[in-house]
Amino acid sequence: MNSFINKFSLEGKKAIVTGGAKGLCNGIAQALHDAGAEVLLLDILDIVEESAKEMAKEGPMVHAVKGDLSKADELDGVYQECLEKLGGRLDILLNGAGIQFRAPAAEFPRDRWEKIISINMSAVFYMSQLAGRTMLEQKYGKIINIASMTSFFGSVMVPAYSASKAGVAQITKALSNEWAGQGVNVNAIAPGYMATELTANMKAVNPKQYEEITSRIPAGRWGNMEDLQGLAVFLASDASAYISGAVIPVDGGFLGK
Ligand SMILES: NC(=O)c1ccc[n+]([C@@H]2O[C@H](COP(=O)([O-])OP(=O)(O)OC[C@H]3O[C@@H](n4cnc5c(N)ncnc54)[C@H](O)[C@@H]3O)[C@@H](O)[C@H]2O)c1
């Protein structure tokens, strides 16, 4: 490899991917691993062990830690367990775990609001804070948050999700302002409309909205996990050394329309 292409390599890097047991962030974790990183999947699901084993069939080691990101008082212990498994070093934190609930604002249940805010937003800050302490000491780190189109606009019937993802965008900028000068880049990926489990129910619950969105995407299709992999590897690599505080859409042109 020539020296320019080397900048995209994650060989020797160590990464935590939250929400990495399945879905989009499993695909992102796979991409970081393919690019050379030792990866740890942190997830609430039992299948996290199996997902790690599957990924570890080739390439660097893959670890699994089971943890619930909605339990703020358990996160210090969960993070320590992750760090120990990675041998005390952390180069990349990808905050990917997220949940969704769709209901009219007037009826939106408070317990759902609390849960969504705790997983989608508060845990992003708490995990970044814990990882940030390690990274600031190393004078090196890459934090990548998974934002959303609802980081930019409010959408309908997803008030908690929109609030949480707008929060993720602002946390990204706030942390970058403090840490970019100390070797820690903080950025966010804002996926557009992705064809996944999380969004599958929109097709059933609100087919009109589903059709409206599809016709408004300049690329003419919903996105998929592969569409996010390139940007994730780029932001995790030294090729993006001067990019920080950015919330980058991967949306088939949706926001530009
Ligand atoms: N699907 C989309 O269209 C879309 C669009 C924009 C952004 N996103 C974001 O991308 C990320 C991944 O979404 P996805 O569609 O792959 O969803 P998914 O449900 O397939 O994956 C989410 C993962 O997070 C984990 N998780 C949930 N609650 C957790 C908790 N309390 N503790 C630990 N782990 C927990 C789940 O177990 C799961 O593995 C989310 O942050 C989501 O908001 C998705």
Side-chain angles (χ1 to χ4, degrees), residues 16-31 39-52 54-55 64-75 77-79 81-82 93-102 111-112 114-128 144-153 155 158 160-169 171-172 188-203 209-210 213-214 217 221-229 231-232 247-252 254-255:
I16 295 175
V17 178
T18 79
K22 70 175 182 76
L24 295 175
C25 294
N26 183 259
I28 289 176
Q30 182 69 60
V39 171
L40 183 144
L41 308 177
L42 167 57
D43 206 287
I44 197 172
L45 297 177
D46 288 333
I47 59 160
V48 66
E49 290 278 354
E50 209 40 54
S51 306
E54 183 62 33
M55 202 173 286
V65 167
K66 207 182 147 198
D68 182 350
L69 291 161
S70 72
K71 303 218 162 104
D73 52 357
E74 292 178 9
L75 291 186
V78 166
Y79 178 72
E81 188 184 344
C82 295
L93 169 68
L94 188 129
N95 283 309
I99 59 167
Q100 167 69 293
F101 185 74
R102 187 170 289 278
D111 59 340
R112 295 282 189 161
E114 300 286 346
K115 191 92 176 169
I116 289 171
I117 296 294
S118 75
I119 296 168
N120 293 14
M121 191 182 84
S122 302
V124 168
F125 179 69
Y126 300 145
M127 286 301 292
S128 299
I144 305 165
N145 299 322
I146 301 299
S148 160
M149 290 293 98
T150 61
S151 299
F152 303 99
F153 54 78
S155 197
V158 290
Y161 188 79
S162 294
S164 72
K165 292 296 184 177
V168 167
I171 289 168
T172 301
I189 297 173
Y193 287 90
M194 299 278 138
T196 63
E197 267 177 43
L198 201 75
T199 51
N201 78 335
M202 185 200 285
K203 208 171 176 177
Q209 190 191 7
Y210 179 84
I213 290 168
T214 309
I217 302 171
R221 64 169 177 87
W222 286 49
N224 57 45
M225 174 254 284
E226 284 87 359
D227 293 317
L228 302 175
Q229 290 178 321
L231 180 59
V247 182
I248 304 177
V250 179
D251 64 350
F254 185 90
L255 279 182

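Start at 1 and go down the list; that is how both ligands and their atoms are numbered.
Applying the salt bridge (charged side-chain N to carboxylate O under 4.0 Å, His left out) test to every pair with at least one member in residues 40-50, sequence neighbours left out, gives these pairs: Asp46-Lys66.
Counting heavy atoms only, Asp43 comes closest to atom 39 (O) of ligand 1 of the residues Asp43, Val78, Val124, Val250. Selection from Asn95, Asp68, Ile99 by nearest heavy atom to atom 27 (C) of ligand 1 gives Ile99. Relative to atom 12 (C) of ligand 1, the option among Ala97, Gly98, Gly96 with the closest non-hydrogen atom is Gly96.
Formation of a donor-acceptor pair under 3.5 Å by the Asn26 side chain with backbone atoms of Gly20 is found in this model. Of the possible polar contacts, one joining the Asn120 side chain to the Ile99 backbone as a donor-acceptor pair under 3.5 Å is found. Gln229 places a side-chain N or O within 3.5 Å of a backbone atom of Gly27 that can act as its donor or acceptor partner.
Using a 4.0 angstrom heavy-atom cutoff, Trp222 does not count as in contact with ligand 1. Residue contact check for ligand 1: Gly67 places a non-hydrogen atom closer than 4.0 Å to it. The shortest separation from a heavy atom of Ala195 to ligand 1 is not under 4.0 Å, leaving the residue out of contact.
Of all the atoms in ligand 1, the ones that sit under 4.0 Å from a non-hydrogen atom of Gly23 are 16 (O), 20 (O). Listed by number with element, the atoms of ligand 1 under 4.0 angstrom from any heavy atom of Ile119 are 28 (N), 31 (N). Residue contact check: Ala147 has heavy atoms under 4.0 Å from atoms 7 (C) of ligand 1. Under a 4.0 Å criterion applied to the non-hydrogen atoms of Ser70, ligand 1 contributes the atoms 31 (N). For ligand 1 and Leu45, the ligand atoms under 4.0 Å from any heavy atom of the residue are 37 (O), 39 (O).
For ligand 1, one of its N or O atoms has an N or O atom of Leu24 under 3.5 Å away. Checking only distances, Cys25 never comes within under 3.5 Å of ligand 1, N or O to N or O. In terms of polar-atom proximity, Leu69 is counted as a contact of ligand 1, with an N or O under 3.5 Å from an N or O of the ligand. Polar contact with ligand 1: absent for Tyr193 (N/O pair, distance under 3.5 Å). In terms of N/O distances under 3.5 Å, ligand 1 is not approached by Ser148.
The closest side-chain heavy-atom distance from Ile146 to Leu24 is not below 4.5 Å. Using a 4.5 Å heavy-atom cutoff, the side chains of Cys25 and Thr18 are not in contact. Side-chain contact between Val48 and Val65 is absent, with no heavy atoms from C-beta onward closer than 4.5 Å.
Glu54 is linked by a salt bridge (Lys or Arg N to Asp or Glu O under 4.0 Å) to Lys57, counting only residues two or more places apart in sequence or in another chain.
Between Tyr193 and Trp222, the ring planes lie perpendicular to each other; the angle is over 60°, past the 30° to 60° tilted range.
With a 4.0 Å cut-off on non-hydrogen atoms, Gln100 does not touch ligand 1 at all.
The shortest non-hydrogen separation linking Ile119 to Ser70 is CG1-CB, 3.6 Å.
Exactly one residue among Leu93, Leu94, Thr172 makes a side-chain contact (heavy atoms from CB on, under 4.5 Å) with Asn145. That residue is Thr172.
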